[in-house]
**Q** 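Pasting in a structure now, in structure tokens, and then I'll have a few things to ask.
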Number of protein chains: 2
Amino acid sequence: MAAQHRQQATPAGHRTPPVHTDPRDVPLEAALVALGDPVRRSLVRELARAGEWERSCGSFDVPVTKTTLSRHFAVLREAGLLEQRDAGAKRLNRLRRTEFDARFPGLLDLVVNEDEGG
Amino acid sequence: MAAQHRQQATPAGHRTPPVHTDPRDVPLEAALVALGDPVRRSLVRELARAGEWERSCGSFDVPVTKTTLSRHFAVLREAGLLEQRDAGAKRLNRLRRTEFDARFPGLLDLVVNEDEGG
DNA sequence: CCGAGTGTTCGTTCGACATCGAACACATTA
DNA sequence: TAATGTGTTCGATGTCGAACGAACACTCGG
């Protein structure tokens, strides 16, 4: 045993690693509520345009503070909409396209294809 | 002209006839928020099982008072999810299946096929 | 080691909405 | 006409969630 060396601790201000929810375990209500918020839909859309693991949390153009942004990401994660991976100080994101699509066919498409500007 | 006989006035405690919103004019946000509520989804599901114009507002089995129920119906109407028609003292309902489906493909199916009991 | 950068947690505030009871409006029936 | 049934509007209440600032934890570059 003797001082096992902290195997892969928890990076970047994240005492705890990101907790994921499998889309298959997500109730419809959680999905609808998560996507009911305009900021979160904006995040999802931007994420859909980008490649996987390309964007970090802070790289999104939304009119909210860090605190609120962090909360939104947590909600999306719990709704099975995205997966997160720590890379150094940053936390990278990936939209769970196919998995979420399998669980709620058509739903994600509606959001992604939503008209952006007013 | 002379005393035109009130052509089809406004029945049943409804001073004003029901105001409808065409599904094509409904923003995605309104649809998601409307369907985010469990009571409203329950109404939609029950309505999907029944035939058109078969059920009146009061005939639904939901754990809320008349007041709240009336409000929920208004929200569903504004979200383009249902059409209402006055018949005597009652107000009958019809799910706008095909129209809503055309505007938001797949969305209504998710709700209708949702598992009912916990 | 010290700063700057990234993201979370804590505690609070605020607005939106689901809910209710009471009062009202209209229809139907006795 | 009175009584009942159906559905809405009004005003008040309670709860939930979005938003924020400040403090904290961790990484990385000087």
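In this text the structure is predicted, and so the values were computed from the model without any measurement. Chain A is the first sequence line, chain B the second, and so forth, proteins listed ahead of strands; every chain is numbered from 1. Only heavy atoms go into these numbers, but all of them, side chains included; no hydrogens, no water, no symmetry mates.
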**Q** With A/Gln84 as reference, evaluate A/Leu92, A/Leu76, A/Asn93 under the side-chain contact (heavy atoms from CB on, under 4.5 Å) test and give the passing residue.
**A** A/Asn93
**Q** Has the side chain of A/Arg41 got a donor or acceptor atom that lies under 3.5 Å from a matching backbone atom of A/Gly36?
**A** yes
**Q** Can you list, in residue-number order, the parts of residues 25-37 of chain A that come under 4.0 Å of DNA chain D, counting heavy atoms only?
**A**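 The stretch gives A/Asp37 as the residues lying under 4.0 Å from the strand, ordered by number.
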**Q** Given D/dA19, is OP1 or OP2 found less than 4.0 Å from the side-chain N or O atoms of A/His72?
**A**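 Yes, within the criterion.
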**Q** With no hydrogens and no angle check, is any side-chain donor or acceptor of B/Arg91 less than 3.5 Å from a backbone partner on B/Cys57?
**A**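 Checking the backbone N and O of B/Cys57 against the side chain of B/Arg91, no donor-acceptor pair under 3.5 Å is found.
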**Q** Among the candidates C/dG21, D/dA18, C/dG5, find the nucleotide nearest to the side-chain atoms of A/Ala89.
**A**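 The closest nucleotide is C/dG5.
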**Q** Roughly, in whole Å, what's the span from CD in B/Gln84 to P in D/dT6?
**A**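 Checked: the CD to P distance equals 16 Å.
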**Q** Measuring from the side chain of B/Thr65 (C-beta onward, heavy atoms only), which nucleotide among C/dC20, D/dG21, D/dT8 has the closest atom?
**A**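 Of all the options, the side chain of B/Thr65 is nearest to C/dC20.
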**Q** Would you say B/Val112 ends up clustered with B/Leu43 if hydrophobic residues are merged whenever their side chains have heavy atoms under 4.5 Å apart, either directly or through other cluster members?
**A**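 Result: yes, single cluster for both.
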**Q** Evaluate the criterion salt bridge (Lys or Arg N to Asp or Glu O under 4.0 Å) for residue pair B/Arg97 and B/Glu52; output intermediate values, then yes/no.
**A** CA-CA 10 Å; B/Arg97 252 239 182 264; B/Glu52 315 225 311; over 6 Å; no
**Q** Tell me the interatomic distance from B/Lys90, atom NZ, to C/dA27, atom P, rounded to whole angstroms.
**A** 15 Å
**Q** Any donor-acceptor pair under 3.5 Å linking the side chain of A/Arg103 with the backbone of A/Val26?
**A** yes
**Q** What is the distance, rounded to the nearest whole Å, between atom CZ of B/Arg41 and atom P of C/dA18?
**A** 12 Å
**Q** Rounded to whole Å, how long is the line connecting atom CG of A/Leu69 with atom C1' of C/dT8?
**A** 11 Å
**Q** Side chain of A/Lys66: nearest nucleotide among D/dT8, C/dG7, D/dA18?
**A** C/dG7
**Q** Let's test your reading of the model: under 3.5 Å, does the base of D/dG7 pair with the side chain of B/Ser70 as donor and acceptor?
**A**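 Such a pair does not exist between side chain and base.
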**Q** Check whether A/Leu35 and A/Val75 end up in the same hydrophobic cluster, where Ile, Leu, Val, Met, Phe, Trp and Tyr are linked by side-chain heavy atoms less than 4.5 Å apart.
**A** no
**Q** Counting side-chain heavy atoms from C-beta on, which of D/dT9, C/dG7, C/dC10 comes nearest to A/Thr67?
**A**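 Of D/dT9, C/dG7, C/dC10, C/dC10 is nearest to the side chain of A/Thr67.
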**Q** Under 4.0 Å: is that the gap between some side-chain N or O of B/Arg40 and OP1 or OP2 of C/dA18?
**A** yes
**Q** May I ask you to list the residues of residues 53-61 of chain B, by number, that have any heavy atom positioned under 4.0 Å from an atom of DNA chain C?
**A** none
**Q** Toward the 5' end of DNA chain D, which comes first, A/Arg71 or B/Leu92, by nearest nucleotide?
**A**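 Checking each residue's closest nucleotide, the 5'-ward one belongs to B/Leu92.
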**Q** B/Thr68 side chain: which of C/dT19, D/dC20, D/dA18 is closest?
**A**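 From the listed options, C/dT19 comes nearest.
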**Q** For the CG atom of B/Leu47 and the CZ atom of B/Phe60, what is their distance to the nearest 0.5 Å?
**A** 4.5 Å
**Q** Step through the shown structure and confirm whether more than 12 heavy atoms of other residues, nucleotides or ligands are within 6.0 Å of CG on A/Asp25.
**A**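 Enclosed.
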